[in-house]
Every structure is written in C-alpha cells, then in structure tokens.
Amino acid sequence: MYPAQFDYHTPGTVKEALDLLGKYKDDAKLLAGGHSLLPAMKFRLARPAHLVDLRKVPGLAGIKEEGGSLVIGAMTTHWAVESSPLVKAKCPVLAQTAAQIGDPMVRNMGTIGGSLSHADPAADYPATIIALNAEMVVEGPKGKRTIKVDDFFKSLMTTAVGPDEILTEVRVPVCGANVGCAYMKFPHPASRFAVVGVAAALTVEGGKVSKASIGITGAGTKAVRAKGVEAALLGKALDAATIQAAAEKAPDGVDVQADLQGSVEYKTHLLKVFAKRAIEAAAKK
Amino acid sequence: MATARLMGSSIKRREDPRFITGKGNYTDDLKLPGMTYAAFVRSEHANARIRGIDTARARAHPGVVAIFTGKDMTGVNSLPCGWLLPELKVPQHPPLATEAARCVGDPVAIVIAESQTAALDAADLVKVDWDVLPSVTSTARAATPGAPQIHEVAPNNIAFKFQIGDAAETDAAFTKADVVVKKRIVNQRLVANAMEPRACVARYEDATGDLTLWVTSQNPHVHRLLMTAFVLGIPEHKVRVIAPDVGGGFGSKIFLYNEETVCSWATRQIKRPIRWTSDRREAFQTDAQGRDHVTDAEVALSKDGTMLGLRVKTTANLGAYLSTFAPAVPTFLYATLLNGVYAFGAIHAEVTGVFTNTTPVDAYRGAGRPEAAYLLERMVDACAAALKMDPAELRKKNFIPKFDNGYQTKVALMYDSGNYGPCFDTLLQMLDYKKFRADQAAARAQGRLLGVGFSTYIEACSIAPSKVVGALGAQAGLWESGKVRVHPTGKVTVFTGSHSHGQGHETTFAQLAADQLGIPMDDVDIVHGDTGIVPFGMGTYGSRSASVGGTAILMSINKIKEKGKRIAAHLLEASPGDMDYANGQFFVKGSPEKAVPFGTVALVAYVPHNFPEGVEPGLEETSFYDPSNFCFPFGAHACVVEVDPDTGHVKILRYLAVDDVGNVINPMIVDGMVHGGIAQGVGQALWEGAVYDDTSGQLITGSMMDYALPKADGLPMYETARTVTPTPVNPLGIKGAGETGTIASTPAVVNAVVDALSGLGVDHFEAMPLTPERVWKAVQAATSGK
Ligand SMILES: Cc1cc2nc3c(=O)[nH]c(=O)nc-3n(C[C@H](O)[C@H](O)[C@H](O)COP(=O)(O)OP(=O)(O)OC[C@H]3O[C@@H](n4cnc5c(N)ncnc54)[C@H](O)[C@@H]3O)c2cc1C
C-alpha cells in the first residue's frame, strides 16, 4: 500500500512549521509519529499534498516537572511516557495508559500530541487526560494559547486545535498523595484500541471522595467526562454500593456507537463494568 | 548409526537462518532489467455492470507503459474450475471482468507503469462507469426467492446440489431414535492471511518465445498447466513457473488467480517483465477465503447414548465465482468426513453450493474437514447435554473400535488404521479430568465460570488416489514426483514436486533422504518449486507432502540403491543379489568388510571405466507415487477456559492436544505444525470472521485493524503429546500433520465455552467467533429466561 504523491517538509522550528501550515493551508498535514496518518494515507483515505514533519523540530519532545505539573512535549512517544521515571512517580496512571496503547512498535513511534490531535474516538490517552484535568498548549500564527481538556475534544476526530495551529505541550497536574488513579480498557481484539476505556482519578479526604474526575473513551464519537459518575461519588465513602451506583451512570452523556465490536446495549453495559473496575482500582491506591 | 539419528529427531530447520535474517528470496525481491509494475483497477461494488471504462487520463499519467481491459484480452478463456461435480453450474470467470463485476475487488483493468507508485496513481485515474445492481452476500439468503441473481447459468444462485450417504437408512435410524438433537451450526467465513501477500513477476522473452512466471504458488506445475492449457493457450513447454520462497499459503496459494494470468498475458504484449504484488487490502479482498457454511444437523440417539444416525443439510457459500478447487471442499473434503471417529449407524448429508457477491471460497487449512469436525463435535456435546451424559463418556461409548487395516464409513471413505480410545484416554490423563470437574464445581460456587471442551477428529489427508479423485470430479491426478540425483562426488540433490511455503521440506526431506542413504544430511539438498528443473509435481496442500511426496523420494532412493548394488557387486566381483546396503556402504551380505562406500559407487557411475555390462552410466532416478488411499490422522484435544461473566471475555487457561499422525520425521516441525494449527483454529473460535455488509456487499473486516488474527497473548502454552499408529498406506507409515491442529481446536474451544456456561443454561452457540458480546448475550439470555 503506497500513499498518493506528496511533498515532504522538515521545518527546524515551530515557527517554520506554522509558516508551512499557513502557506499550504488545507493541502498540508502535520506528521508526528505517523501511526494514524500514514495508514490513512496508504489506504489513500488521506491525500495531503504536503507533509510537515515535526520530528526535526527541537524541543517538542521531552518530559519535565514545572509548577506542579508534568509538561510533556507533543512529540513525546508513548514509550517515553510509559517508561519515564518522572511520570511513573508523579502520575503513574499516565504511564499505565501509555503502556496499554497498541503494541511496542506503535508505542515507539506514536506520540502523545499526535494521539490527542487525531482524537480517534477509541484512543486511550483522551480518557486519562480528561480524568487528570490536563491542559493543552497550542501555538499558532497569533501566538500561544492554552486549552482546558474539557474544551479540547469537539466531535469525531476533531479538536479545538485550529488548522493553522500546532499542539506543542500537554500539561498534566501532578497527582497528590491522596489521589488514586486508574485506567481500565477493553481492547479491540485486532487493533487493541479501546472498545471502551475508563480513567478515574479520585481524591479521598477523611474517608470521603473530595474530588472525582472520570474520563471515558471508546464507546462514543469522542472522549467525554462522565459527570454523572463524578457526582455520584462526590462526598461519599468508596463502598461497594456507592461504586456500583456511580458506575451505573457511566453511559450518561455518551453517544454510544454500535459497530462490529458491540451493539449499543453491550457497549453501554461495558461502560458500567469498566467504570466500576476503574473506580475500584483507583480506590485501592 | 545415521539411520537412528536422523529419522524422528528434532533437527533445526535449515531454511530458518535465511528467513529470520531477511535473506529469503521472495517473488517481490526479484529485480529484472526493464521491470515494469502493475496495479489493478478493481470493482468497488459487489454487483455492477460495466457500462464503460475510461482510461484516457490514466494513459496520460507520467510513467504509464500500458493499460489493458478485459476487451483487450481477446482469445483468452475463463479461469478454469478444476473439480467438476455432476451438473455443476460453471459461470464464466474472465481474468479481467468485461461485462460485470460480481464482487468487490473483481479486477477490471491492469495498469502497467515504470514504477509501482506511477501504476497505483494511474489506476486511481481509470474511471469505470458502473451500473450498480443489488447484491447478496449472505449464505443463508443466497438461494432464497427474490435474492439478486448473480450468474445466468446458475438459477437461484445454486451452483450444485450434492448428497452422500443413505437417506432411507438414516430416516429409519431417526424413526427408531429415543432422542433427537437438532442444531443450526454456522461455520463462518475466514480470511487466509498468509504472511507474504500474493505476488508474481511475468517475463516474456521475445527472442526465444519463452515465458517465465515467478509466482507465490503452492503448486507451480498446476499453475502452469491450468494457465497454459485452459486460459492463455500458450504451449506448456514454453512456460516456466517458479515458486521461490513463499511466505505461507494455508491453501490460498493453490489456486490460479486473475492477476498472474493477466500479467502473463500482458508481458507478451509489452515484451517487458511485469511485477505485481498484492497489498494487504487486496489480499483481504481477493485471496480465496475459507469455510462459510450454514448447516442444520440432527443426531438420532438411543437412550443409552448410542449414535444411531446423523442427518446434515449444509449450504456452502462459494463466493462470486468457482475458484480452482472450490466444489471439492464442501463435498468430498467435508461430507465424506462426517463419520468422524464415531460408529454412526447411518448418515445422510446434503450440500447446496451457492454463489454470492463475495470473494470466492476455496480450500483453507483443513478445507472441509474443520467444518465436519466442528459440526460433529458440537453435536456430540449437544447430545451429551440432552442425554445428561458426560461428554467424555459419550465419546468413548461411540468410538469406532481399534482397526489396523480398513474401516468402511457410511460416507464413502475407507479409513486406513485407527485406535481412538487410547488417544482420548491419554488426553484425559494429561488433563486430570476428574480433578478438573472438582475444580470447576468449586469455582462455580464462587461465581467463576470454568469450562472444558473436548474434540476428537479424523482427517483425510495425503491427498489422494488419482483414480478415486478422478471418479469424484477432479480434473487432475493427485500423485507426486520425486527425483534423486547423485552427483559424481556422492553429494545428492533431491527434486520434489511438492512445495514448501513454511512446512520445512528442505529439512525434513533432507532428513529422510540422508537417513535412507546413510549419508550426512549436509550432503543432501532439496530443490522444489520450479517447473524448469523439477519433474511435474502436484504440489503441497491436504497434508500430502511427507506422505505422498516423501514416498516418491523414497521410491527413487530405492532405485538408486538397487542400481548401486549392481555397480558395487561388479566392483567386488560379487553377485548383485548378494549385496546389501547400510550406513552408506554397499556390502556383501554376511561380509560387511567386503564393502564399497556410497561415494565410490557414485564416482564410478559417472566415470564408468570399470562398469557392469548392461547398466547405464549415471546415478539419477525419478519416481511418481500415486497413493492407494488417503491417510487418516486422528486425535483428541481439550481446552480449558474461563469466561468473564461481566464482559463475556473468554480466556484460555489450558490447551491439550494428543495427535496421531503416524510416523514422524521431525517432531519439532510436527509440533510447530500442531501449534500453528491450534492457533488458527482458536482464531476461528474466538476472533476471526470475514463480515460482509449484506446491503452494500462491502467486506467490513477488510484490514488487520478490523479482522482479528490470533495473538500470542491470547494463547496458552500448549500441552502436546502423540500416539503413533503408522499408516499401512505408504511405506513410510506417515499420515500427515499439516492441518490437524486447525481441525481439532475450533470445536474444543467452543465446547469449553458452552461447558463453562452450561450451569447457566447455555447449551449452544449458533455462530462464531465467540466474541465477548456473543458470549455475554448468551449469558444474559440464559439468565433472564429470554
Ligand atoms: C496498529 C496500531 C494500533 C494502535 N493501537 C492504539 C491503541 O490501542 N490505543 C491508542 O490510543 N492508539 C492506538 N494507535 C494509534 C497510535 O497511538 C497513534 O500513534 C496516534 O493515534 C497518533 O499519533 P502519531 O504521533 O502517530 O500521529 P500522526 O499519525 O503523525 O498524526 C495524527 C494526526 O494528528 C495530527 N498531528 C500530529 N501531531 C500534531 C501536533 N503536534 N499538533 C497538531 N496536529 C498534530 C496529524 O496531522 C494527523 O492528522 C494504534 C495505531 C496503530 C497503527
């Protein structure tokens, strides 16, 4: 499978990359790890005339801690996140999520920025990013702006990143000592994408949930925050009945889609099962 | 000494270093001066008439050498069907569709260019004016009233109606029955997915009129014969077909396909070599697919569990055209296996072959036999449930008793030898069946769902006696050739008509030859896959290489030994009748010190200064072996699973296999065959399935992202063992091991899942794969009383 013809650009700075986007507009596509874009191009479902490769732009990859957040460069690979001692120490669920993406080849090539920008409805990161209340930093012709995760995923494979913008950083608040987090997924038997994935971040104070943040991916057309589940947990002790009742709310607000992996009925059910599992796992930490 | 060492020992495969270091020589690796590259324009519709094809823009694309449509291919015939059942409806199958496309992926034009990318880009520019018609892909719906009609020659989309067994005897058995168990069993369609996609390079040499075709083939001579004699009408001797390293086939590379036929025709037009390599999407759409049966089966039983009768009605989906051996698969490779290892009182089976707007279906690993084994083993478990009998006991009660030479089944076949009880007992011991049932009960008490599934199977392999298959409709003989060339230095080249595309012939046949000749294995090379240098051979499928191809080699070795004895006797001034051969030495019987080494005899054969009267120089022999019967490997497998009641996910905890494949040349290779086969069969049970949209006719599972192949993390470590019942059919005692795992494992897994859910009231799954959703829904339906 060979893609249609395209021109290939290797900008050396974000500014150069932005200029290329400005110049070629709809004919241009950013290339990160290529593990979503290139398959689409090989199927000739995507036919960009210009590829703007971000891999030669210095400073876009890397993980550091800054002002209470992990700052992860958009070009940081899934493997780098999965294996980072910093991530494992400060935000283990993110490493846990990265480790469940695809297979080692995919994780060595794919990037966090590419995954979030692509916004595949079955991608893993979005659920965790929602649960962790991350912020996305984008740069465009008019400079930098920051997008809250709740404003980030717009619709099927569409994000708040403009066509003339580049996602440069993901800022993830460090998980405190009293925060328990987990990501649980039901993988697609072929691709390993999430048929259903639920991430939970729970802050427990005095035996009660003082903050609950739940992200859901897979079942619908985009990743969403499970507000019903969060509300059902807030202020409660994490006993079995509470968890069960909260998990029942997981499908609320998810536009569940039927496909070969499951009917609406089945995926709705899975959402509850995996919400429960994610909450239980988070509660143990 | 050498004899004891080579046969039956797990020698590492000599072909592996080149494969695992990327030094294999595959068709796509071939570089020829002046090479051009082909891309096919294919139908994106399942059923559509061609109003016109506009190639003007494509022709103008830089780098395009030529574009041909079906209309250009005058004088070229339909792709042939090599197995003609009585009253079979054989529709035209032009290499490039001219009037209409009958399935998605049907090729309508070839674009040939200076580069692969130019060919693909130009193919995108070919515009076909389609008149899209309604289509049908569903097996069950194909022959129902109102279904779109696919071929004029086949009213109601029916290709054939076939029956076997005794209807009256079977009716009588059902009249006598205390209990009748009836189930619908769907054996879903599978995609073969060989690792190397199909490919070909066709080169016509203007100066000599010779055509060479390199092609991913399991049987290069068959490819050549079909293509030259039936389709292109070029003289067979002017065509050389080479199947170099081939990365897997599973049956899908047996058949003559459109692409190599069109390239072989087109190279004669443009007088330049042409290469075509399928991409994975084309492979999903165009490689012949497997299985696809819908069956209603009934078993008649007496109260004590005796199996009185079996009645089977199967609809087999053949796809849009008749692929090369398609009609044989759901008939003579399926219905004849419905006796299994059980002493049924009577059997009657009807099979209806139907056309649909889907990729053609043909032999896929096991070919018919997995469908038969699945049906039987599912039915046996359903019978056990109906009778409230233990499934192991019911099996044992009905096994055909031990026989050494011949058991006449109710469905035409005559089994060679069998001893099914001990094989099954070995399995039960390995499993520790009693303990498992105790563990299962304990687990159930905690809400955990454990299950065990058995399957016993029989396979008809080492295909096949030519006379028999000829009477059944085969348009070919199914013997094999083996030529042994001893060089003057005593080194040996063996030419086999069978073909290795993963099986390990270069190792096993060298083991066999070196063992028989008592010479080092390093002195023996195996050559296969080239009609220019190998005698006509029938190729590899139906687990026939070792038993049929190996026997042909053995026959030639025996001839070499006989000739060698005459030469050695002459040198020793002894009588040829007094000579013997062992450990690489010709010697006088009873006087081993009076000996001539193999190498000396070889040299003398080529430097015949002192040579026996009336003996020809040289040391080279060719043999053709036509087996007198099929061989019938058998075995018993068990699978232990745990089902997650919340999600329906099935986890395999243990997998046990006891197989009897007759004598074994290389146990490691046989183990590998069994392991891979099990994985493939588990794939059918749990993950794989070609799904077509019945409205649009599109293959929905058309990529690796959608079609789930088995992965290592879904499979346990296998626990395997063997019993050995040599076949009397061939002198090697080898039955065949290529397909056993695939045949046995699917029912073992499904039976295990049903067993796990039996406590909830689940007794059957109509359809596979057992996706989590199917399992979960079965649990829901059973527990909510739906
Ligand atoms: C076999 C396979 C299995 C997979 N399994 C999983 C899985 O289980 N879970 C999962 O989550 N994912 C899975 N993926 C997807 C994988 O994680 C991809 O790597 C990821 O979705 C995209 O990241 P990328 O870096 O490869 O982006 P690319 O493919 O290079 O780009 C994707 C899209 O994002 C745009 N883009 C990239 N970077 C930026 C940026 N910085 N700013 C703005 N736009 C940008 C591109 O223009 C393009 O449109 C799988 C992929 C494959 C091939």
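Per chain, numbering begins at 1; letters A, B, ... match sequence-line order. Being a predicted model, the structure only gives us computed values, none of them experimental. Any value given below was found using the heavy atoms of this structure, including those in side chains, with hydrogens, waters and symmetry copies removed.
Once rounded to the nearest 0.5 Å, the distance linking OG of B:Ser703 with CG of B:Asp279 reads 11.0 Å. For the atom pair CH2 (B:Trp687) and CE (B:Met768), the distance works out to 13.5 Å, reported to the nearest 0.5 Å. Atom NZ of A:Lys272 is separated from atom NZ of A:Lys267 by 15.5 Å, given to the nearest 0.5 angstrom. Between the CD atom in B:Gln285 and the CZ atom in B:Arg280 there is a gap of 13.0 Å [rounded to 0.5 Å]. A distance of 9.0 Å separates CD in B:Gln289 from OG1 in B:Thr286, rounded to the nearest 0.5 Å.
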Set out, in order, the CA-CA distance, both residues' side-chain angles and the distance that settles side-chain hydrogen bond (donor to acceptor under 3.5 Å, both in side chains) for A:Thr221 and A:Asp255, then state yes or no.
CA-CA 7 Å; A:Thr221 53; A:Asp255 57 343; 2.5 Å; yes

Salt bridge (charged side-chain N to carboxylate O under 4.0 Å, His left out) evaluation trace for B:Arg198 with B:Glu282
CA-CA 9 Å; B:Arg198 287 191 296 119; B:Glu282 284 179 296; over 6 Å; no

Verdict with reasoning, B:Lys711 to B:Asp713, per salt bridge (charged side-chain N to carboxylate O under 4.0 Å, His left out)
CA-CA 6 Å; B:Lys711 294 185 173 71; B:Asp713 68 354; over 6 Å; no

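Remark: B:Asp644 pairs with A:Arg277, B:Thr647 by the side-chain hydrogen bond (donor to acceptor under 3.5 Å, both in side chains) rule, at least two apart or across chains.
Within a 6.0 Å sphere centred on CE of A:Met1, other residues, nucleotides and ligands contribute more than 12 heavy atoms. Counting non-hydrogen atoms of other residues, nucleotides and ligands closer than 6.0 Å to CH2 of A:Trp79 gives a total of 12 or fewer. Other residues, nucleotides and ligands place no more than 12 heavy atoms under 6.0 Å from the CG atom of A:Asp26.
At a heavy-atom separation below 4.5 angstrom, chain A is approached by B:Gln116, B:Thr117, B:Leu120, B:Asp121 within residues 108-121 of chain B. Listed in order of number, the residues of residues 94-122 of chain A that approach chain B to under 4.5 Å between heavy atoms amount to none. At a heavy-atom separation below 4.5 angstrom, chain B is approached by A:Phe186, A:His188, A:Pro189, A:Ala190, A:Ser191, A:Arg192, A:Phe193 within residues 183-199 of chain A.
Both the backbone and the side chain of B:Met705 come within contact range of chain A, judged by heavy atoms closer than 4.5 Å. Both the backbone and the side chain of B:Pro772 come within less than 4.5 Å of a heavy atom in chain A. Only the backbone of A:Lys42 comes within contact range of chain B, with heavy atoms under 4.5 Å apart.
A salt bridge links B:Arg42 with B:Glu259: the distance from a Lys NZ or Arg NE/NH1/NH2 to an Asp or Glu carboxylate oxygen falls below 4.0 Å. Salt bridge status for A:Lys88 with A:Glu82: absent, with no side-chain N to carboxylate O gap under 4.0 Å. The pair B:Lys777-B:Glu773 meets the salt-bridge criterion, since a charged nitrogen lies less than 4.0 angstrom from a carboxylate oxygen.
For the set A:Leu270, A:Asp259, A:Leu260, the entry with the most heavy-atom pairs within less than 4.5 Å of chain B is A:Leu260. Considering only heavy-atom pairs separated by less than 4.5 Å from chain B, the leading option among A:His269, A:Lys276, A:Gln261 is A:His269. Between chain A and the residues B:Asp124, B:Ile700, B:Val691, B:Thr277, the most heavy-atom pairs under 4.5 angstrom are made by B:Asp124.
Seen from the ring of A:Phe43, B:Arg281 does not count as a face-on cation partner, given the 6.0 Å and 45° thresholds.
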